[in-house]
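Just below is one structure, and these are the notes that go with it.
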Amino acid sequence: MIIPVILCAGMGQGLWPSSRPAYPRQFVDMTGGQNLFHATLRRVSGPDFAAPVLITNETSRFLVEEQVKQLGLIDGRFILEPGPRGTAPAILTAALSAAETPDALMLVVPSDHLIPDTGAFRQAVQAGAQAARDGALVIFGARPTRAGTGFDCLKLAGPAEAGQPAGLAGYVAASDAGEALQGDYLWNTGLYLFRVGDLISVFEAHAPDLVAPCRQALSEGADDLGFCRLDAGAYESARVSEIVPAVLEPAGHTAVVLLETDWSDLGQWDALHQVLPADEQGVVSMGAVTAVRCENTVLRSEEDNVHLVGLGLKNIAAVATRDAILVADLDQVQDVPQVVASLGGHVPQAVDYPRFHRPWGWYETLCLGTRFQVKRIMVKPGGILSLQSHVHRAEHWVVVAGTARVTVGEEVKLLSENESVYIPLGAVHRMENPGKLPMYLIEVQTGSYLGEDDIVRYEDVYNRT
């Protein structure tokens, strides 16, 4: 049995505006089928795999939990990072959490990569598992298909052949990889496999300064609704570091296994253009789009009522969402994260997604004006919002699908489709879905201040008081 460790804390800025820190790309349907997170879970489920360890962050924690439940395939253990410290502390912490089984095999899997051939993936994992049982630290590599992509590279000690691990002769960071790869190089896929005890020993030998803070973060962590919330002070004292240069390259007994299939981290729009089906002119079309005399272009619209028309475009990514549009030269999309970062706090779309996900469901703003806001809210079956009040606004709720149990002051009542209730300013209230189907309602807010921070919570099943 192999323990998958799934890394779920990506920022998702490379595929902005479809992917954002508030809703990273692994949860977005980028390929016209299942999302990358679902595909990852399915890839590491079955008789060869134990329940996974999922490492995520505060922003994505309930999304990750809900996606696991949706598939109904596996249970999992959840580790909540207080902040990003790189792959080395994250993977070490997962290994320390399984330290009582030092001979167990641990497979590290990013949740936002595209690997279409599951059979080839599992064959590579089995080859890596045999090498790991013999004491090797395994990195999975993919054959380069193009130059100048910004991937980290693995220099091999010998030729790469499927099922035959090769030695690692060196590691080349993306910034130094150059425009072309010469000789025996593979891309680093970010997939790793090792015995738990072997990895901990390697950290103790080559990065001992990481072991104490990660062990302390785990031992002093607290259970939070089924998540192991790492101690923030201890974890954030660990230096930011990546696992290959920190420990796998200097370890000396690292093996590289070839992943003999297409692989992409889907980190930017040109990668998506290369993996999705295109027409004879090289145009990839997704959603409500029309291409006229376009070549080598990506057109994507995420809204049925936003029809995107490309006329005479060449080598362009044009992406339309409800609240943001990107038009970029495909040769310059590697700079999208820097552009988004420069938007900073003065452009909400740089971080926020139009639909705000919460542990009980989601909401989205339909209309916002002076002293009023209209929202659509979905509460999943069993979802319960906090018992709360507002200082600056009153609300009117209209149920449009499903059933809501509503508390206003001392009164509790059920509302069905097309029924409504008024929440006066300052009234203590709560909404929940007692049914088996999602409940939808329209919320009309009126008042002098409509910010999300105008909430006084009295009770909350998600520990947000």
Side-chain angles (χ1 to χ4, degrees), residues 1-7 44 48-50 52-53 55 85-110 113 121-142 151-174 184-211 214-215 238-239 241-260 263:
M1 296 283 283
I2 298 171
I3 304 170
V5 175
I6 303 178
L7 307 179
V44 295
D48 294 332
F49 298 97
V53 177
I55 302 179
R85 309 306 295 165
T87 56
I91 295 169
L92 172 59
T93 302
L96 292 171
S97 75
E100 71 279 2
T101 55
D103 291 330
L105 295 180
M106 193 173 85
L107 174 67
V108 178
V109 186
H113 291 186
F121 167 81
R122 292 185 174 177
Q123 288 176 6
V125 168
Q126 289 305 317
Q130 185 56 55
R133 292 187 187 99
D134 293 336
L137 306 167
V138 175
I139 307 175
F140 294 89
F151 293 140
D152 298 335
C153 295
L154 309 169
K155 182 172 176 56
L156 306 184
E161 298 179 7
Q164 299 296 322
L168 178 67
Y171 173 75
V172 183
D184 293 319
Y185 282 91
L186 296 178
W187 285 337
N188 178 17
T189 65
L191 296 159
Y192 310 105
L193 179 62
F194 8 69
R195 284 190 303 210
V196 169
D198 291 342
L199 183 68
I200 295 174
S201 296
V202 167
F203 269 94
E204 290 173 339
H206 298 284
D209 60 307
L210 293 177
V211 177
C214 290
R215 183 171 280 135
R239 60 182 167 89
S241 51
E242 302 302 323
I243 190 168
V244 178
V247 296
L248 298 187
E249 183 182 16
H253 53 288
T254 300
V256 180
V257 172
L258 174 63
L259 182 62
E260 192 68 280
W263 167 87

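The shown structure was predicted, so the numbers you read here are calculated from the model rather than taken from an experiment. Only this structure's heavy atoms are used, side chains among them; waters, hydrogens and symmetry mates stay out.
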N188 side, atom CG; W263 side, atom CH2 - distance, nearest 0.5 Å:
7.5 Å
Would you give me the side-chain donor-acceptor pairs under 3.5 Å for residues 86-100, sequence neighbours excluded?
| unit_1 | atom_1 | unit_2 | atom_2 | d |
| --- | --- | --- | --- | --- |
| T87 | OG1 | E242 | OE1 | 2.7 |
| T87 | OG1 | I243 | N | 3.0 |
| T93 | OG1 | P89 | O | 2.7 |
| S97 | OG | A94 | O | 2.6 |

Do H113 side-chain atoms and T189 backbone N/O form a donor-acceptor pair below 3.5 Å?
yes
Indicate the atoms forming the closest heavy-atom contact of A251 with L137, along with that distance.
CB-CD1, 3.6 Å
Step by step, work out the side chain to side chain contact (heavy atoms under 4.5 Å, CB included) result for R122 and F49.
CA-CA 11 Å; R122 292 185 174 177; F49 298 97; 4.1 Å; yes
Looking at D103, is its backbone amide N or carbonyl O close enough to the side chain of T101 to form a donor-acceptor pair, meaning the two atoms are under 3.5 Å apart?
no
Pairwise side-chain contact, V109 with L191, heavy-atom cut-off 4.5 Å (strictly under):
yes
So, taking the atom named CD in Q123 and the one named CG in L258, what distance separates them when rounded to the nearest 0.5 Å?
11.5 Å
Qualifying residues under salt bridge (charged side-chain N to carboxylate O under 4.0 Å, His left out), relative to R85, sequence neighbours excluded
none
Rounding to 0.5 Å, atoms CG (L168) and CG (L156) come to a distance of 7.5 Å
Please tell me if the side chains of L186 and V256 come closer than 4.5 Å, counting only heavy atoms from C-beta onward.
yes
Salt bridge (charged side-chain N to carboxylate O under 4.0 Å, His left out) partners for R133, two or more places apart:
none
Quick check: closest heavy atoms across P245 and P250, and the distance to 0.1 Å?
O-CD, 3.6 Å
Rounded to the nearest 0.5 Å, what's the gap from CG on L107 to CD1 on I3? Could you check?
10.5 Å
Can you name the closest pair of heavy atoms from A131 and V138 and give their distance?
CB-CG2, 3.9 Å
Between Y171 and D152, is the side chain to side chain contact (heavy atoms under 4.5 Å, CB included) condition met? List the steps.
CA-CA 8 Å; Y171 173 75; D152 298 335; 2.7 Å; yes
Just verifying a value: how many Å separate L248 CG and T254 OG1, rounded to the nearest 0.5 Å?
5.0 Å
Can you give me the closest heavy-atom contact between P4 and A50, atom names plus distance?
CD-O, 3.3 Å
Does any non-hydrogen side-chain atom of L193 lie less than 4.5 Å from one of L105?
yes
Audit row: V44, F121, side chain to side chain contact (heavy atoms under 4.5 Å, CB included) steps and yes/no
CA-CA 10 Å; V44 295; F121 167 81; 4.1 Å; yes
Nearest 0.5 angstrom please: W187 CH2 to L154 CG, how far?
12.0 Å
With sequence neighbours excluded, what pairs up with D209 under the salt bridge (charged side-chain N to carboxylate O under 4.0 Å, His left out) test?
R239
Residue pair F194, V108: steps toward the side chain to side chain contact (heavy atoms under 4.5 Å, CB included) verdict:
CA-CA 9 Å; F194 8 69; V108 178; 4.0 Å; yes
Could you pull out all donor-acceptor pairs under 3.5 Å where a side-chain atom in residues 197-206 meets a protein atom, sequence neighbours excluded?
| unit_1 | atom_1 | unit_2 | atom_2 | d |
| --- | --- | --- | --- | --- |
| D198 | OD2 | R195 | NE | 2.8 |
| D198 | OD2 | R195 | NH2 | 3.2 |
| S201 | OG | G197 | O | 3.0 |

Only counting residues at least two apart or in another chain, list the ones meeting salt bridge (charged side-chain N to carboxylate O under 4.0 Å, His left out) with E249.
none
